[in-house]
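Note: hydrogens, waters and symmetry copies are ignored here, and every other heavy atom, side chains too, is used. Throughout, protein chains are lettered first and strands after them, A, B, ... in sequence-line order, and every chain is numbered starting at 1.
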2 protein chains.
Amino acid sequence: MASRQNKRSAGEISAVAGALDLVDRKILSVLRQDGRLSTNDLSARVGLSPSPCWTRVKKLEASGAIDGYIALINHEAVGLPMTVFAEVTLDRHDDKVLAEFSEALLKIPEVVEAFLVSGDYDYLIKVAVAGTGHYERFLREKLYKIKGIRHSKTTFSLRAIKHSACVDPLLVVG
Amino acid sequence: MASRQNKRSAGEISAVAGALDLVDRKILSVLRQDGRLSTNDLSARVGLSPSPCWTRVKKLEASGAIDGYIALINHEAVGLPMTVFAEVTLDRHDDKVLAEFSEALLKIPEVVEAFLVSGDYDYLIKVAVAGTGHYERFLREKLYKIKGIRHSKTTFSLRAIKHSACVDPLLVVG
DNA sequence: GATGAAAACTTTATAAG
DNA sequence: CTTATAAAGTTTTCATC
């Protein structure tokens, strides 16, 4: 196997099945904003005919560059207009504690996003709630029911300035 | 008009066009995970026949409970696998400064989310980058090019535990 | 609400330039 | 890549129970 030369070298950053060209990125950029465009409309927007456009979309789905299609739900409409960030610090940091804490977060519906982070605290959690009363109950009845929390600090969002689900794939880093 | 009794009282939390029943919430909950289900498949999942199911979806779209449909883009596939949070504090906090800062953030593609918050800092910003080098350039060439920043603090995400775009509408708050 | 039907459009696949 | 074709499925509207 020593003589085999692959197209991609060991350290190269690459997605599941090869790099994306500009047309792929345009397709992703458009679908990122409207996931229900028909092949015809999409192809017109990216400057390609429908047939190869469709093939590319299927490839992007298969390679995992498109992770899925979702409906965006208005949080006010479902009665959860408030966004709160909780910085959580755990007592201990071994694998078992982290795994159990992570699993517990997955089961709490108020928790919309959760990140294990490096810094002054361990987890940054984004929470959707109806109001301060609901958040207080969330802390008492759900978050602090999980064992292992040393402390938490809350930051309330006053206003969402920008709220995209994903980055625009037209951003290419030199 | 004093004698008119509306169904909704003044302080009641309510969405654009009336409350959602359980079937509506089920529809939203399913579409939140698969925004491209056909009316037939969706209606089977929520226990309704296709025709009224379709009517409900259109109503949810028109009322704004469904804010749109999008494709989820894999950040690794587009070369931006790293998520970073920046806590930004501004020099001053008058309306003009906040408005200009907010507008500037909207134009930076690395900024995926941005919230004006109450607490130790003013803005919590979620950033998608290729790596630490890219983040450093983002800070120097983009974030700190915006006037009015007193300081910023960075928190690196080590791992995304939960990553939903929206809350599950089946969560109903008592 | 359920069922059924019809027109327009979309998806998917395939063939030829 | 483009254009073109065609079957199967989906959306949308509308009528009836």
key: d(CG, B:N40; P, C:dA2) in whole Å   = 13 Å

request  = State yes or no: are the ring centers of B:Y69 and A:Y69 separated by less than 6.0 Å?
outcome  = no

message = If the cut-off is 4.0 Å, is A:T39 near the phosphate of C:dT10, judged by side-chain N/O to OP1 or OP2?
response = no

note = Against the side chain of B:R56, the closest entry in C:dG1, D:dT3, C:dT12 is C:dG1

ask   = Between C:dT10 atom C1' and A:K58 atom NZ, what is the distance in whole Å?
value = 11 Å

message = When you measure from the side chain of A:K162 to the backbone of B:V111, do you find a donor-acceptor pair of N or O atoms at a distance under 3.5 Å?
response = yes

key: Residue B:W54, side-chain heavy atoms: nucleotide from C:dT12, D:dT11, D:dC1 that is nearest   = D:dT11

message = Using whole Å, what does the distance between atom P of nucleotide C:dT10 and atom CG of A:L31 come to?
response = 15 Å

remark   = A:L48 atom CG is separated from D:dT3 atom C1', nearest whole Å, by 13 Å

task = Give A:S38 one of three labels, base, sugar-phosphate or nothing, depending on what nucleic acid heavy atoms sit under 4.0 Å from its own.
result = sugar-phosphate

query = Quick one: B:R36 CZ to C:dT12 C1', roughly how many Å, whole number?
reply = 13 Å

inquiry  = Just checking B:F115 against A:H163, ring centres under 6.0 Å apart?
reply    = yes

